[in-house]
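A short worksheet on the structure shown next.
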Amino acid sequence: MSRYNFKETETRWQAVWEDKATFAVTEDSSKPKYYVLEMFPYPSGNIHMGHVRNYTLGDVVARYKRARGFNVLHPMGWDAFGLPAENAAIANNTAPATWTRDNIATMRRQLKGMGMSYDWSRELATCEPKYYKHEQKMFLDFLAADLVYRKESWVNWDPVENTVLANEQVIDGKGWRSGVDVEKRKLNQWFLKITAFADDLLAELGNLNRWPDRVRLMQENWIGRSEGAFIRFDLVGRDDRLDVFTTRHDTIFGASFMAVAANHPLSLEMAEKNPGLKDFIAECARLGTSEAAIETAEKMGFDTGLRVRHPFIEGKELPVYAANFVLMEYGTGAIFGCPAHDQRDLDFARKYGLEVVPVVAPKDADAASFDIGTVAFTDDGLHINSDFLDGTTVADGKADIARRLQAAGTGEPTVNYRLRDWGVSRQRYWGCPIPVIHCGDCGIVPVPAADLPVALPEDISFDGPGNPLENHPTWKTVDCPQCAKPAQRETDTFDTFFESSWYFARFTDAQNEDQGFSRAAANYWLPVDQYIGGIEHAVLHLLYSRFFTRALKQCGYLDIKEPFAGLMTQGMICHETYRDESGKWLTPEQAEGRAGVTIGRSEKMSKSKMNVVDPEIIIAAYGADTARLFMLSDSPPDRDLDWTDSGVDGAWRYMNRLWRMITEPKMALPEKGAGQPARLSQSAENANRAIHKTVAAVSGDLDKFHFNKAVARIRELTNLLDDLDPSAGGAPWALRQGLEAVVRLIGPMLPHIAEELWRELGHDVMLSDTPWPDVDETLLVDDTVTVAVQVNGKLRGTLDLPKGVDAGVAEKAALELPRVIEAMDGKSPRKVVIVADRIINVVI
RNA sequence: GCCCCUGUGGCGGAACUGGUAGACGCGCGGGAUUCAAAAUCCCGUUCCUUUGCGGGAGUGGGAGUUCGAUUCUCCCCGGGGGCACCA
């Protein structure tokens, strides 16, 4: 019995594809284009199972679309800047550049061993000056277009990584990588005006109909648009006012207090001469943004002593509290409290004994007796206790108040966003230098375009604390481009999300030295038709890329604003976990055959739980095709996938079975291209129909990325072919048809063995260059159909009936079934429901 | 707290817009082949009941709509995710 030699076969076909540049593409107006892209990896050292899954999914799409006649762009590159390189530099005394390039070499070799259909001529690494010089130019263009600004601001400082984190990178008050508590510091930062596009970023989500709903929802929540109003309250005894943002301006008559953030300018000012307030502010700062602290903290406030005048009630004054539940970062950092209609305000008012006046009541409630207990009333209703608003709805009340505020010049309707501008400065070495120069006389001066790139020095030292760019003897010293006096380079580098915000465009024209990409190439290939990657990038990377594309459009780089037309997010790879008697984690190898091992539930593969399986070992033992098949079988792409040894065995078994069925067929196969015999036996005819049905079904499954279903259908056809009776007329012909179909259908998933078997079947043209099989539509429709027969909704039998048979005939046949007669127990049918070609339900 | 997703055999998962629940695979049981094993092949495999034919129950739980519900509606329970004093 022959055994499939995957090692020899896989390396041989990989070499063929590489020699023939099978997957290299150029713009070609004769074919529809299709751009499939997987999120490029950070070159951490080795590929892991998550990569294998991600890139297998993308490769199936790429190969399938190619077979369907598309001009497919399928590139790969490296997200090569980032902290781990610096950490490795410190730990191993290697230069970040060397470490990164070595890792890229390793991972490139591993990816090539997976048989991915990449156009390697477009490979890029973001840490190379020939890549980042273009984004330095983009930054300068953004600066000129007023999409960039610099401001001193409170930032999230990660004390372990010694760097600033974006709000998005702070998770539960901790650094997203280091996991330690984030501190607040004030630094000068570069910001990109993502908020300038907030409305458009939100509105266009509605058109991204090939994105998962949940990702769109997450971005929608992140942008956090809310319609409301600014209201200016006059401060009593002072010349200034307190600005407030609210979405419930209709409840203004129920206002009983004001609350400002602890770090609001007014709180800070009043704290100067109020030690109690000062202590309160310090306490709020101690609480910080740490999730656990805030969650358990009850609503607290401190009277600043200030009072404001109510804008609509003559002579009414409201106290101004500093409160721990008001955020300086949102709105104006100040609110008016209306306890009756906001739960937080109610909790606060009850605690400090403030007035609770209901100003909205349910339509059928009695205004005089309507009362608020411990639950705020937040539904719609009619206004009460509200002077001129009485009897109006919430919506009408809002409109009326807004009109009056505007007329009086004390406020106006406004839209507020949760989204904040993107801080891109990082106090890090291994990133793209921000191309500006600080001059004592001229201030901030952009580096002239002709002087780009501002290249990172590679002769650096990590011996001292802080940023090696600061410590480099000469790098930051430069003459001012404007006045020629000695000046200094900016030593901050970009957030690495900067590089990944445009790499998809670079792939369209990766070798272009003069520009990041030509407009023509970008306009031909973009948007990415199918983007594939992890759900963890649902907000950060995807939102930044959407913004960046808009900014590039505004600066004349390209003509689209949405970079990714289709998005698929893949689930995690999980594996059982193992512990020994003492509770220590064990690797799967250590756990095998060992006594006293506790098997834990399947969890995401992670080094800390030691439940990782190295793809390289799997590929060495079973080959890339087996790993790919396993990744595609069973679990739909967006769900988590359980890695099991038996599942891998199953995939391996299928490969060998297919191999045997073709290299040692049960019956002599007719020559390639042999015509259909004049007469087919029933079983050959059925097989032929099954082949065409399978091709149609698998095509549909792949169009919808239902890879697990496609695999199941191909296996089903394989089973049927294996059961073909050699003595039946036309069986050998049907078998050849079927085997060829199976090989072609499985080709995008198992490219190596499929190429090999395709050649074994006598074909000279590579499978990779062979179009997708055609379907004979006439064979998809059967002349008879199996109809279920129920009595009172319970299945009592089935009938094989001619398709489209007359209802009367069907009913008669159904009522004659012995088991139907039995179930009817002598009663006559009250009603017979007949759904043509589907079901007959006899109701008695 | 708010929002979203999800719940089907021992396991991963199928089931088109309401129409034969459990495709396909894994695992398990039995058998063939073998000196023996590996590999391979065949049969069985939701549960209860029945010697077999059958019968009954069944898609987290409870109600509802319908001739008919895994699918639609409402309530409850479990699992997962996002956001969070967002005004």
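Please read all numbers here as calculations on a predicted model, not as lab measurements. The sequence lines fix the lettering, A, B, ..., with proteins before strands; numbering per chain opens at 1.
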For nucleotides 45-49 of chain B, print each protein N/O atom paired with a nucleotide N/O atom at under 3.5 Å, atom names and distance only.
none

Interatomic distance, [X] [atom1] vs [N] [atom2] [rounded to whole Å]:
X: Asp701(A); N: rA23(B); atom1: CG; atom2: P; value: 17 Å
X: Phe230(A); N: rA87(B); atom1: CZ; atom2: P; value: 13 Å
X: Ile839(A); N: rU20(B); atom1: CD1; atom2: P; value: 6 Å
X: His575(A); N: rG12(B); atom1: NE2; atom2: C1'; value: 14 Å
X: Leu217(A); N: rC2(B); atom1: CG; atom2: P; value: 16 Å

If the condition is side-chain contact (heavy atoms from CB on, under 4.5 Å), which residues does [X] pass it with, not counting sequence neighbours?
X: Pro265(A); value: Met328(A)
X: Arg418(A); value: Trp222(A), Tyr330(A)
X: Ala696(A); value: Val775(A), Leu780(A)

Any pair with a residue in residues 833-844 of chain A that passes salt bridge (Lys or Arg N to Asp or Glu O under 4.0 Å), sequence neighbours left out, goes on the list, sorted by first then second residue, please.
-> none
Please, which pairs that meet salt bridge (Lys or Arg N to Asp or Glu O under 4.0 Å) have at least one residue in residues 243-262 of chain A, sequence neighbours excluded?
-> Arg248(A)-Asp250(A)
Under 3.5 Å between N/O atoms: give me all the protein pairs with nucleotides 25-30 of chain B, atom names plus distance.
from	atom 1	to	atom 2	distance (Å)
rG25(B)	OP1	Asn719(A)	ND2	3.2
rC26(B)	OP1	Arg653(A)	NE	3.4
rC26(B)	OP1	Arg653(A)	NH2	2.8
rC26(B)	O2'	Ser646(A)	OG	2.9
rG27(B)	OP2	Arg653(A)	NH2	3.3

Note: for Asp640(A) and Phe336(A) on RNA chain B, the residue whose nearest nucleotide lies more 5' is Asp640(A)
Closest-nucleotide 5' rank along RNA chain B - winner of Asn708(A) and Val711(A) = Asn708(A)
Are Arg657(A) and Asn719(A) linked by a side-chain donor-acceptor pair shorter than 3.5 Å?
-> yes
Tell me which residues in residues 811-833 of chain A put a heavy atom below 4.0 Å from RNA chain B, sorted by number, or none.
-> Arg819(A), Lys831(A), Val833(A)
Give, ordered by number, those residues of residues 787-796 of chain A having at least one heavy-atom distance below 4.0 Å to an atom of RNA chain B; if nothing qualifies, reply none.
-> Ala788(A), Gln790(A), Lys794(A), Leu795(A), Arg796(A)
Start with the C-alpha distance between Lys812(A) and Glu816(A), add both sets of side-chain angles, then the distance that settles salt bridge (Lys or Arg N to Asp or Glu O under 4.0 Å), and finish with yes or no.
-> CA-CA 6 Å; Lys812(A) 186 162 177 290; Glu816(A) 282 169 358; 3.2 Å; yes
Compile the donor-acceptor pairs under 3.5 Å between side chains in residues 792-800 of chain A and protein atoms, sequence neighbours left out, one pair per line.
from	atom 1	to	atom 2	distance (Å)
Asn792(A)	OD1	Ile844(A)	N	3.0
Asp800(A)	OD1	Thr786(A)	OG1	2.7

Represent RNA chain B in dot-bracket notation, 5' to 3'. Only Watson-Crick or G-U wobble pairs with both distances under 3.5 Å count; pseudoknot-style crossings use [ ] and interstrand partners use |.
-> (((((((..(((......[....)))((((((.......))))))((((....))))..(((((..]....))))))))))))....
Hey, is the side chain of Arg639(A) poking within less than 4.0 Å of OP1 or OP2 on rG13(B), counting only N and O atoms?
-> yes
With rounding to whole Å, what would you report as the distance between rC47(B) and rG22(B) at their P atoms?
-> 14 Å
Polar atoms only, N or O, under 3.5 Å: list the protein pairs with nucleotides 70-73 of chain B and their distances.
none

